[in-house]
Amino acid sequence: MSKIVESVLSNYPNASRDSLIPILQDVQELDGFLSKDSVEAIGKYLRLPTSKIYGVATFYNQFRFSPVGQYHIEICRGTACHVKGSLPVLEEFQRQLNINPGETSKDGIFSLEVVACIGACGLAPAITINGEVYANVDIDDIKKIVKSYRRKVSENA
Amino acid sequence: MYTIEVNNRHIQTKDGETILNACNRAGIKVPTLCHIEGLFPTGACRMCVVEVEGMDGLVPSCAWPVKEGMKVNTFSPKALKARKTIIELLLADHPDDCLYCVRNGDCELQGLAEELGVRQRRYSGKKSQYDIDSSSSAIFRDPAKCILCGKCVRVCEEIQGVSSIDFIERGCKTEIGTAFREGLNVSSCVNCGQCVIVCPTGALREKSNLKVVIDAINDPEKIVIAQHAPSISVTLGEEFGIKPGRDVVGIMTSALRKLGFDRVFDTSFSADLTILEEGSELVHRIKNGGVLPMMTSCSPGWIKFVEEFYPEYIPNLSSCKSPQNMLGAVIKSYYAEKENLDKKKIFNVGIMPCSAKKFEAERPEMNVDGLRDIDAVLTTRELARLIKMYGMSLHDMEPEIADNPFAERSSAGKLFGATGGVMEAAVRTAYYLLTGKELEGPKIKDLRGLDGLKVVYLQIGDLKIGVAAASGLGNAKKLLKEIKNGRNDIHFIEVMTCPGGCINGGGQPQAVNIDDVKARMKALYTIDRDAEIRTSHGNKYIQKLYKDYLGEPLSEKSHKILHTHYKKRDVLL
Ligand code: SF4
Ligand code: SF4
Ligand code: SF4
Ligand code: FES
């Protein structure tokens, strides 16, 4: 069992299934995602099959099952952004990166996530990459944005 | 006891039973999609809705208890309309694949669409896209055809205690899947096929081996040998409209020959062989302080279950291969040598009640001198498909007998098809091995019947032993827990993965009810009652096999050909 899971579980003595979601949240908070090992350990602890935990975790949008990439892209899908076309933005990122929300690209560089309103409605559609906000994203710019990050990676390499 | 009125007919009901149960017992059919006999209702599909006088809405009959004087209408216009709408909605996100579907003709969804007169597409929308999972050697999943009734999930969890699948995602993306969407092949799935048995649609099926078998039959170089498991002859008929429980062994043998199998053998023969090896192993363990309780090893789902969930009990498993693999191995050694056949050209086909047998056949340990014991496995359903494909039917055939030397079987071997049967056969022979005398009145009543867990204590000579038979892995799990907690009055445990045993195996005809399973069971008991040879050690060909080839049970040769080993498996549980 990883240290992180161990320490989280130690906060839930004699836990029952009701504690599943808070435990998952705590582990994700500290580990960044829910690994197979974490889910297995949590399952043993709560006497729940991993399929059940995975089922519960996939029911909610907040959980991810791979570590975030070097650059973590969050697409705001709040109402204002939706109205201003955040769906095509999301789809374009999916196309460019070949991953779905909640996933990480094979090379580990990018991960994608859908988030509820980030409070930047005036800048809709808005996204953040490692916390840096991009305002009024135009789908034609997305290729360029992705490229600029790839360049950064190869320059640092 | 209450009296209720259903469709203007008075029927007697039991206290606390559901409207659906009461109707079923009275022969009144109410359609269901998510109901599983004996399990707590979930009320997920609403197919079973009926109208109850004095109630506003329709009620789901599978989850609604009867009440004195209740007046029920099972086919009121309102109920029929609701059912039809449900089907129409399900079809809105369902591929129009009936013509290409394995369940075409016996699909419950298709059947209901037909019965309810669905004639036009009333709802249409974008169909969801799902990935097929063909990774398993036993089970094939096509989630596009899934109607999310949840039966597979419940059987896997509540009956089998495995829980390798569950609902994942949410809303219109909901589907049935494994943890982390792994392929079933690397999941905890034990390949039992009980999910397939309950699935109302073509979303779950066995991995088909028909093509490899047909290719082998048509390959002039190959000697293709069929063996049929003890339970097949009492279930195959159902696929041809014959009522459950009729033994069709003769016509099945004849059909197998007509299909082009070069030899037809009876796996019940090697069930007898298993009893001699396993019985001797038990006696050896008892006399030499070996690991007890010993546990049977003929059910491959159970074996994988132990390897995954209870690896600490691997030493308790009998080292005997299953009857299927024993016969496969004997064919590719003794028989090939005796008949001067090229072992490499032999293609062994197991006709099995079981999807897990497909997995067992592929286990790398299951070989003799590097040659696979079994080359392909067909389920009862696949055999029926093959017979139909060749334009044959069971109705116009003369019975024939299987080929020697593996045609002769005792009825003890035949009992392997039902829960408790292996134990009954084993006790008959163990008694003989330990006392030199035959058990008087070979029938052991307390080991019979569909109970999921049966325990019997026996006095054999000066030895008092406890034996148990569990079927359905959930029941086996319960027993293992007791043993873990120190229960020590049981020396030998038979486990069959499927509830009721092979007669209700994952490869058997689908959409059956408990009465059908009982009829299958009774058929095996009748065969035993009427048989001349009722003990495995009484089988002359078994005696000959030992004399000519193996020497004696547990000999070096036996060990090489008939025994195997198991290993702990790391999967997500
Ligand atoms: S599952 Fe049933 S309804 Fe669906 S395609 Fe197959 S036969 Fe047709
Ligand atoms: S085959 Fe058995 S173990 Fe595997 S998913 Fe189906 S019910 Fe569960
Ligand atoms: S796979 Fe079959 S049994 Fe399982 S939920 Fe879907 S339709 Fe029901
Ligand atoms: S059978 Fe009653 S709700 Fe599904």
Side-chain angles (χ1 to χ4, degrees), chain A residues 1-2 5 9 17 20-21 23-24 27-28 31-68 77 82 87 90-91 94-95 98-104 106 111-116, chain B residues 44 126 128-131 133 136 139 141 143 146 148 150 152-190 195 305 308-311 473-474 477-478 481 484 569-573:
Chain A
M1 203 188 305
S2 80
V5 178
L9 292 180
R17 318 180 152 209
L20 175 60
I21 300 211
I23 290 176
L24 292 176
V27 171
Q28 170 146 318
D31 218 5
F33 73 112
L34 300 173
S35 69
K36 284 184 187 168
D37 288 345
S38 308
V39 168
E40 196 172 25
I42 297 167
K44 272 217 179 92
Y45 188 70
L46 296 178
R47 294 169 187 266
L48 278 173
T50 51
S51 62
K52 188 131 278 159
I53 298 180
Y54 186 73
V56 169
T58 52
F59 187 86
Y60 301 97
N61 265 335
Q62 52 177 299
F63 297 111
R64 48 183 308 122
F65 305 95
S66 43
V68 295
R77 292 282 286 128
H82 176 73
L87 185 62
L90 171 64
E91 286 170 348
Q94 285 178 256
R95 218 175 354 256
N98 209 6
I99 53 174
N100 290 316
E103 294 177 358
T104 303
K106 280 221 171 69
S111 52
L112 197 57
E113 194 168 314
V114 166
V115 293
Chain B
K126 207 171 130 214
S128 313
Q129 297 294 315
Y130 300 101
D131 294 332
D133 180 2
S136 158
I139 311 288
R141 297 196 317 119
C146 172
L148 300 174
C152 53
V153 172
R154 304 191 63 207
V155 161
C156 193
E157 178 178 353
E158 295 173 42
I159 307 278
Q160 299 300 54
V162 175
S163 286
S164 49
I165 46 175
D166 210 320
F167 288 93
I168 58 177
E169 301 285 347
R170 145 178 83 167
C172 61
K173 278 162 85 193
T174 309
E175 62 173 304
I176 306 293
T178 60
F180 293 90
R181 296 176 176 277
E182 287 189 319
L184 264 191
N185 63 333
V186 291
S187 78
S188 59
C189 169
V190 301
C195 52
F305 182 80
E308 294 171 353
F309 289 84
Y310 295 97
L473 293 175
K477 216 174 185 172
K478 271 185 223 144
K481 274 198 190 130
K484 251 202 164 127
R569 281 174 201 270
D570 272 322
V571 294
L572 280 179
L573 296 182

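The aromatic ring centres of A:F59 and B:F167 sit 6.0 Å or more apart.
In this structure, chain B has a heavy atom under 4.5 Å from the backbone of A:S35, while its side chain stays farther away. Contacts between B:T178 and chain A at a heavy-atom distance below 4.5 Å involve the backbone alone (N, CA, C, O). The parts of B:L572 that come within reach of chain A are both its backbone and its side chain, each placing non-hydrogen atoms under 4.5 angstrom from that chain. For A:L34, the part lying near chain B is the backbone, with the side chain staying farther off; criterion is any non-hydrogen pair under 4.5 Å.
If you check the side chains of A:T104 and A:R64, you find a donor sitting under 3.5 Å from an acceptor.
A donor-acceptor distance shorter than 3.5 angstrom exists from the side chain of B:R141 to the backbone of B:I176, with no hydrogens or angles considered. Formation of a donor-acceptor pair under 3.5 Å by the B:Q160 side chain with backbone atoms of B:L473 is found in this model.
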